[in-house]
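Reading through the structure tokens given below for one structure.
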Amino acid sequence: MKLLYFAWVRERVGKADEDVSPPAGIRTVGELMDWLAGRGEEYAYAFENRKVIRAAIDHTHVRPDTPIADAREIAFFPPMTGG
Amino acid sequence: MKLLYFAWVRERVGKADEDVSPPAGIRTVGELMDWLAGRGEEYAYAFENRKVIRAAIDHTHVRPDTPIADAREIAFFPPMTGG
Amino acid sequence: MAVTIRLQREDFDAGAEMARLVGGRTDIGAVVTFSGICRDHEDGRGVTAMTLEHYPGMAEDEIARHVAEAQSRWPLQGVTVIHRYGRMTPGDNIVLVVTASAHRDAAFAAAEFLMDFLKTRAPFWKREEHGGAASWVDAKESDDHAARRWTAATSGRGRR
Amino acid sequence: MAVTIRLQREDFDAGAEMARLVGGRTDIGAVVTFSGICRDHEDGRGVTAMTLEHYPGMAEDEIARHVAEAQSRWPLQGVTVIHRYGRMTPGDNIVLVVTASAHRDAAFAAAEFLMDFLKTRAPFWKREEHGGAASWVDAKESDDHAARRWTAATSGRGRR
């Protein structure tokens with residue numbers, strides 16, 4: 001699946017997007033964040049305060065307990081500050 | 001004192017403005033309307049439903065019990081429909 | 001604060017008025033513009049034209065009082081109010097309110113406040129033409145209701 | 001309903017967008033326009049520039065969803081939403097919302113609704129420059145609070 005990062009999540013991870021294949025046990029958005037946080041220092045830093053990080057699956061806001069099984073594109077980003 | 005009429009009050013009275021000298025006993029806006037209503041058919045028609053008629057003294061909205069002693073200009077008109 | 005109040009027979013250019021209020025300033029974050037336009041229908045009836053009568057002198061005074069009241073309620077950086085009088089046909093501009101503030105809630109609230117008061121307190125009267133016939137427009141209870149909310153509540157978001 | 005949604009790096013002309021939404025129509029009575037402008041200060045700190053990052057694709061989808069929601073809540077005749085991205089300096093336009101309806105309450109409510117959701121749900125992120133330093137703007141509790149009022153209340157004036 002494709003992951004996208006925005007704003008300071010992007011800056012901390014050090015890239016704007018990547019393709020990942022998480023293990024079969026990773027079922028939800030929250031579990032995906034836990035798994036990502038274990039992938040290295042930059043990910044641990046990006047996901048250190050998981051409560052403030054928002055996620056979207058295929059352009060729709062989702063909660064941490066949302067299943068990722070059918071996702072093509074998952075994005076992680078800080079709370080939005082547009083307008 | 002100068003009286004001004006607007007919208008259908010003006011149409012019913014048949015003039016836009018006039019100078020009047022009400023008798024000394026006429027002290028309030030409401031009493032002035034009563035007095036005007038007795039001045040002829042067109043005034044009686046204009047002021048037949050006194051409750052809906054609004055008044056202003058010198059460009060400020062006033063109630064029927066407002067004294068008219070210091071008024072230079074008194075206007076009568078229907079409820080406003082601007083904007 | 002930059003205040004413009006104009007009563008005029010001529011049309012106005014809403015975009016130009018917005019630009020004039022904001023132009024060259026960098027402290028304004030939010031501009032709310034309300035344009036009132038002559039509609040071709042009213043309460044299900046066709047409207048072919050409309051004539052707006054006003055009370056010259058009092059109209060300016062009454063609008064200025066409500067602009068001052070808006071300034072005292074919200075932190076505004078500019079207000080423009082333009083109200084036309086005379087005869088208009090559907091599609092014509094009638095009224096323009098522009099409010100500018102650092103923040104959007106103040107700009108929105110002040111624009112709504114001014115419109116509610118223009119509808120119920122500013123001395124203007126609309127006479128509508130429906131084909132051959134013409135009639136004075138009755139004041140709307142919904143407009144009075146809208147205006148009353150500003151006296152019942154405190155300023156800003158507290159009014160909701 | 002006439003719906004325009006644009007994300008763009010280029011500036012926009014608020015007056016021209018208003019005119020385009022209304023032009024040639026005689027059924028619209030009220031047009032509310034909100035312009036968000038880059039300010040030279042934020043929370044008492046000077047701002048020299050700002051960069052807006054967005055999530056292409058999702059931003060359009062999210063705005064379209066909220067425009068559809070606004071249409072279902074209020075009788076609207078047209079909505080335009082333009083949001084810029086890229087680097088802006090104080091005085092530059094950031095966002096434009098234009099709503100058109102037969103009546104002013106619907107136009108005002110829909111414009112406020114759309115702005116509250118652009119602030120809290122549309123995937124945009126502001127990075128402010130203060131002289132040499134730059135920092136991502138934190139989301140504001142006041143914006144979340146403003147957005148929540150639309151889920152708590154029913155539509156139209158009932159929300160107040």
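As a basis for the values below, the full set of heavy atoms in this structure was taken, side chains included, without hydrogen atoms, waters or symmetry mates.
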* Mind checking the CZ-CE spacing from D:Arg121 to A:Met80? Nearest 0.5 Å is all I need. => 6.5 Å
* Just give me the residue among D:Trp125, D:Phe117, D:Phe124 that pairs up with chain A most often, heavy atom to heavy atom, under 4.5 Å. =>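 Maximum pair count with chain A is reached by D:Trp125.
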So do the side chains of [X] and [Y] get within less than 4.5 Å of each other, counting heavy atoms only?
X: A:His61; Y: D:Glu62; answer: yes
X: A:His59; Y: D:Tyr55; answer: yes
X: A:Phe77; Y: D:Glu53; answer: no

May I ask you to check whether over 12 heavy atoms, not counting those of [X], lie within 6.0 Å of atom [atom1]?
X: A:Arg27; atom1: CZ; value: no
X: D:Glu141; atom1: CD; value: yes
X: D:Phe12; atom1: CZ; value: yes
X: A:Asp70; atom1: CG; value: no

* Heavy-atom distance under 4.5 Å to chain A: side chain of D:Arg65, backbone, both or neither? -> side chain
* Structure fact -> When the 4.5 angstrom heavy-atom criterion is applied to D:Asp143 and chain A, the contacting part is neither
* Which atom of D:Val137 lies closest to which atom of A:Thr81, heavy atoms considered ->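 In this case the closest contact between D:Val137 and A:Thr81 is O-CG2, 3.3 Å.
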* Asked: Where the side chain of D:His83 meets the backbone of A:Gly83, is there a donor-acceptor pair that is under 3.5 Å apart?
  -> yes
